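A short write-up of the structure that comes next.
Counting starts at 1 for both ligands and their atoms, following the listed order. Worth saying up front: this structure is predicted, and the values here are computed from it rather than measured.
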Amino acid sequence: MFKQESNSSSKPAPERKEETPMCDVHEGEKINIYCVTHGVPTCSMCKVFGAHKDCEVEPISSIYQTKKTELSDGIAMMVGSNDRMQGIISQLEEACRAIEENGRRQKTLVCEKFDHLYSVLEEKKREMSQVVTAEQEEKADYIRSLTRKYKDHLEESCKTVEMGIQTMEESEMALFLQNTKPLLKKIADASSTAHLDKVERGYENMDHYSVVFNKEAKALRSINFIQDCVYGRPRPTSSPQQMNSSSGLVKSSAST
Ligand SMILES: [Zn+2]
Ligand SMILES: [Zn+2]
């Protein structure tokens with residue numbers, strides 16, 4: 001208010017007497033009354049003789065005060081409404097951040113659950129592999145040791161054959177007969193493989209460890225992840241009151 005002369009437009013209209021609008025119809029008449037019927041300011045001559053002679057009029061100052069209060073109330077209401085609008089926008093922005101944060105967190109949780117499920121299967125896979133490996137090694141060890149026994153036996157037999165061939169060349173009859181006795185005994189012994197284990201049919205089979213996961217796979221495929229989630233999902237609502245409370249919920253859960 002210390003720059004009173006600087007800006008005349010900030011002064012109230014009635015103080016600017018020299019700028020009071022004049023009547024278009026009645027020359028020299030100021031617009032100084034208000035026609036309530038038509039809702040327009042007009043001049044006294046218009047009320048007495050002119051267009052507003054049958055109208056209800058009020059002093060312009062009282063209508064000025066009324067309208068000023070009305071406009072002031074309207075401005076206050078708009079300011080309040082704008083504040084609420086700004087509040088809603090802030091809540092919407094906060095809700096958007098919360099949605100992104102919640103989505104990220106939920107994805108992490110879901111992935112952890114899946115990882116746990118994988119680990120259950122991994123554990124089972126490891127257990128089964130260990131069991132198969134144990135039997136595989138046991139059987140292979142047994143077969144290897146049996147192979148060694150057969151090789152030893154074969155080596156022994158080859159020696160006997162060699163000795164037999166050498167003995168065949170012996171022309172000295174007494175010497176031949178001396179050598180032949182233990183040799184024939186050896187041949188008789190060697191021809192029997194009764195002391196060597198026979199591998200039973202299908203010993204090399206490992207297919208008793210097969211697994212059938214048809215039921216399990218079907219059960220996994222039947223998990224309706226999306227449908228289970230939709231039932232618990234709050235619907236968006238057009239009511240700001242409900243929106244406030246739901247975004248409040250989101251906010252509180254996001255802060256935990
Ligand atoms: Zn007039
Ligand atoms: Zn009128």
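Here the angle at the Zn ion (ligand 2) defined by ND1 in His52 and SG in Cys55 stands at 130°, rounded to 10 degrees. Rounded to 10 degrees, the SG-metal-ND1 angle spanning Cys35 and His38 at the Zn ion (ligand 2) equals 100°. The SG atom of Cys46, the Zn ion (ligand 1) and the SG atom of Cys23 define an angle of 110° (nearest 10 degrees).
Considering every non-hydrogen atom in both Ala190 and His153, the closest pair reads O-NE2, 2.9 Å. Across every non-hydrogen atom of Lys198 and Tyr150, the tightest pair is CD-OH, 3.9 Å. Listed here is the closest heavy atom pair of Glu216 and Val212: OE1-O, 3.6 Å.
The hydrophobic cluster containing Val79 also contains Leu71, counting ILVMFWY residues as joined when their side-chain heavy atoms lie under 4.5 angstrom apart, directly or transitively.
Closest to the Zn ion (ligand 1) among the N, O or S atoms of His26 is ND1.
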